Amino acid sequence: MLKFRRRQLTFTAVGLAVVALTFWVVFEVTLSAAVRSAGEGAQRRLTLFDRTLEAIIERFHYLPVAISQAPESRAALERPDDPAAVEAANGYLSKLNETAGAGEIFLMEENGSVVAASNWWTLTSLVGTNYSFRPYFADAMERGRTEYYAFGISTSVPGYFLSQRVDGPDGPMGVAVTKINLGEIEATWWQSGELIGITDINDVVILSTRPDWRYRPLQTIPRSQFAGISSQQRYGENGVDNTGIITDRWFSRGAEFALLSGNDPETSGYFVLRELRLPKHGWKLLSLTPLSPLYGGALTMASAASLACAALLLILVLFEQRRRLVAQRLADHERLEQRVAERTEDLHAVNEQLRAEIADRVRAERAEREAQHGLVQAAKMASLGQALAGVAHEVSQPVAALTTHLASARLIEQRRGTGELGPIIGAMDKVVERLATLTGHLKTFARKETLVAMEADIGSAIANALDLTDHRLRQVGVDIEYRRPRPPLAVAANPVHLEQVLINLIANAADAMAETPLRVLSIGVTDRDGHIEIAVTDTGTGITASDLSSLFDPFFTTKPAGKGLGLGLSISYGLVRDSGGTITARSSPGQGSTFTISLPTAFSAATRVSA
């Protein structure tokens with residue numbers, strides 16, 4: 001049997017290993033293929049987007065040359081102080097831009113000041129603005145022609161600037177500039193539903209389908225380089241938000257991956273990063289493909305393959321089990337025929353045994369009924385003991401009152417000196433003394449043994465108290481906040497007395513919270529230098545400062561008439577004091593009350609006794 005189990009465990013382990021290996025191989029193959037396919041698709045799309053971008057820019061390449069050769073432009077540069085020449089240049093540029101559809105067209109003097117512009121009539125007119133600090137002006141003056149992407153300072157609209165130097169007979173006269181608004185290509189990318197972006201030579205995103213990526217670096221720029229980038233003013237008044245878009249990037253499975261962090265689930269997580277360089281502009285065109293769908297597809301394929309492998313293994317196991325089952329049944333049939341005869345002989349012995357068991361069962365049922373009757377009688381005796389305790393408690397007060405009245409009657413009789421009522425008063429004294437003796441015996445019956453050292457487990461005492469008051473707490477609707485101390489804590493006290501004290505405090509707390517909207521009972525246990533503190537806190541009506549001083553006096557109660565006798569806290573105070581501890585109360589009207597029991601730990605009490 002042991003050998004069979006070992007063989008079965010071996011086959012199970014091998015099967016699980018085969019299923020796990022199948023899952024891993026299919027997952028790796030599928031994921032690698034999906035990553036490769038996603039990279040190839042992204043490369044095709046990036047190539048298409050590159051051609052679209054070049055087509056948009058190429059459409060406006062002729063404008064700077066045409067502006068530099070126009071007579072109106074040359075006249076405005078030769079006579080910038082002539083209003084007629086400037087007005088003619090403004091009109092020419094406006095009409096030219098209406099046909100071309102560029103962002104803005106403007107003409108700059110050799111000092112960098114704009115002398116004419118296509119938007120001369122708008123509130124954001126460029127006329128009169130000096131852009132000598134812009135690289136597209138300085139580079140054009142130096143090399144004759146340049147291209148530059150920057151954020152429009154006057155219009156607050158980013159664009160791609162094509163600039164052409166205007167040469168005169170005596171040297172450079174100025175620069176003709178065409179600004180192309182690339183919002184059209186951003187709209188095209190956005191319609192594709194992909195994460196696309198363009199970064200410039202500073203690795204800062206200048207165009208993207210995500211507006212929150214614009215003017216942010218792919219990865220955080222070091223401080224040593226950030227100041228130089230900010231001085232270029234190519235990213236508008238706000239400059240670069242130096243919060244990197246990509247947290248980390250690495251190569252794996254023949255592709256580059258990137259980790260993006262953020263609050264938007266569409267732009268956070270792992271992505272396949274594809275990059276296409278645009279050497280002509282010094283840009284990089286980026287495509288980010290989410291990795292989670294690829295992982296999901298790979299997991300699905302791997303799960304299906306592993307399930308198929310597991311199903312095949314189960315089929316083989318079932319065929320083997322069926323073969324063994326057929327052989328086992330044939331062998332069992334032969335053994336069964338042999339055992340039938342043996343069983344027949346055993347029936348007589350079994351019948352005798354059954355008769356004996358029936359007799360035992362009858363005797364057990366009789367014993368059970370007798371035990372039940374005994375439990376009922378014990379319950380009656382317990383109820384009788386509780387009733388006698390109540391009688392002792394209630395009768396002791398009128399007995400004390402009768403004793404006082406009899407003493408008063410005896411004094412009055414002595415003053416009168418008649419002696420007629422003496423025998424009657426004496427007889428009444430004997431009756432009252434007998435009654436006091438009976439109540440004293442009832443009280444002594446439940447009195448503790450003060451000479452016996454006892455230990456009480458805090459957790460058990462609190463649990464028992466909560467259990468005994470559970471009906472009252474449920475009736476009022478009180479929520480309990482209590483965590484049993486770990487490890488257990490023990491105090492030097494009688495467990496029954498500690499439970500009685502806790503029951504009194506919990507019942508009082510339930511009564512105090514009966515009329516409040518918030519009903520929460522909190523019980524906390526704290527170990528403080530050889531003493532255990534148990535704090536019982538409620539959210540009841542609270543106790544006034546004048547009542548706190550008399551709270552533990554006998555027969556003092558804050559409850560309405562008929563609701564309490566005022567003995568619970570007094571008895572609790574005595575029980576705690578007899579155990580060597582203290583009980584205190586603090587409360588504020590309307591804010592609840594807290595009763596704190598402080599008892600010596602069992603260890604500290606034992607040390608004190610031995611000393």
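Since the structure is predicted, the reported quantities are computational estimates derived from the model, not experimental observations.
Residue-environment remark: CZ (R249) exceeds the threshold of 12 foreign heavy atoms within 6.0 Å. Summarising the local packing, OH of Y573 is surrounded by 12 or fewer heavy atoms from other residues, nucleotides or ligands at distances under 6.0 Å.
To the nearest 0.5 Å, atoms OG1 (T601) and CD (E455) are separated by 9.5 Å. Note that the CE atom of M513 and the CG atom of L518 stand 8.5 Å from one another [nearest 0.5 Å]. Put simply, CG on D527 and CD1 on I532 are 3.5 Å apart, with the number rounded to the nearest 0.5 Å. Remark: Q591 CD to T541 OG1 distance equals 12.0 Å, nearest 0.5 Å. Atom CG in L195 sits 8.0 Å away from atom CG in L260 (nearest 0.5 Å). For the atom pair CD1 (I458) and CD1 (I534), the distance works out to 3.5 Å, reported to the nearest 0.5 Å.
In this structure R216 satisfies the salt bridge (charged side-chain N to carboxylate O under 4.0 Å, His left out) test with no other residue, sequence neighbours excluded. Checked against salt bridge (charged side-chain N to carboxylate O under 4.0 Å, His left out), D547 has no partners two or more places apart in sequence or in another chain. Partners of S598 under the side-chain hydrogen bond (donor to acceptor under 3.5 Å, both in side chains) rule, at least two apart in sequence or in another chain, do not exist in this structure. Here T594 pairs with T537 under the side-chain hydrogen bond (donor to acceptor under 3.5 Å, both in side chains) rule; sequence neighbours left out.
The two residues L273 and A258 make their nearest non-hydrogen contact at CB-CB, 4.3 Å. Nearest heavy atom pair, residue S587 against residue G592, reads OG-O, 2.9 Å. Contact record, T220 with G244: OG1-N, 3.3 Å, taken as the closest heavy-atom pair. In terms of heavy-atom proximity, V520 sits nearest to T539 at N-OG1, 3.1 Å. The two residues A456 and P495 have their closest heavy-atom pair at CB-CA, 3.7 Å. Pairing each heavy atom of S208 with each of V205, the nearest pair is CB-CG1, 3.7 Å.
Side-chain contact between I571 and Q500 is present, with heavy atoms from C-beta onward closer than 4.5 Å. By the 4.5 Å heavy-atom criterion applied to side chains, V35 and F257 are counted as neighbours. A heavy-atom distance below 4.5 Å is found between the side chains of L218 and L286. A 4.5 Å side-chain heavy-atom check between L498 and L599 finds at least one atom pair inside the cut-off. The shortest side-chain heavy-atom distance between V525 and I462 falls under the 4.5 Å cut-off. The closest side-chain heavy-atom distance from L569 to F595 is below 4.5 Å. When side chains are defined from C-beta on, L288 counts as touching W213, because their heavy atoms get closer than 4.5 Å. Considering only heavy atoms from C-beta on, L466 comes within 4.5 Å of L473 through its side chain.
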Candidate pair I597 and L505, rule side chain to side chain contact (heavy atoms under 4.5 Å, CB included), full reasoning
CA-CA 10 Å; I597 305 170; L505 296 182; 3.6 Å; yes
Working for side chain to side chain contact (heavy atoms under 4.5 Å, CB included), residues V478 and D538:
CA-CA 9 Å; V478 176; D538 61 64; over 6 Å; no
Could you go through residues 291-304 and list every donor-acceptor pair under 3.5 Å that involves a side-chain atom there, pairing it with any protein atom two or more places apart or in another chain?
unit_1	atom_1	unit_2	atom_2	d
T300	OG1	G296	O	2.8
S303	OG	L299	O	2.7

For residues 479-492, which side-chain donor-acceptor pairs fall under 3.5 Å, sequence neighbours excluded?
unit_1	atom_1	unit_2	atom_2	d
E481	OE1	S522	OG	3.0
R484	NH2	S460	OG	3.2

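The pair E357-R361 fails the salt-bridge criterion, with no side-chain N (NZ, NE, NH1 or NH2) lying under 4.0 Å from an Asp/Glu carboxylate O.
With E499 as the fixed residue, the side chain to side chain donor-acceptor pair (under 3.5 Å) test singles out one of N464, N504, N494: N464.
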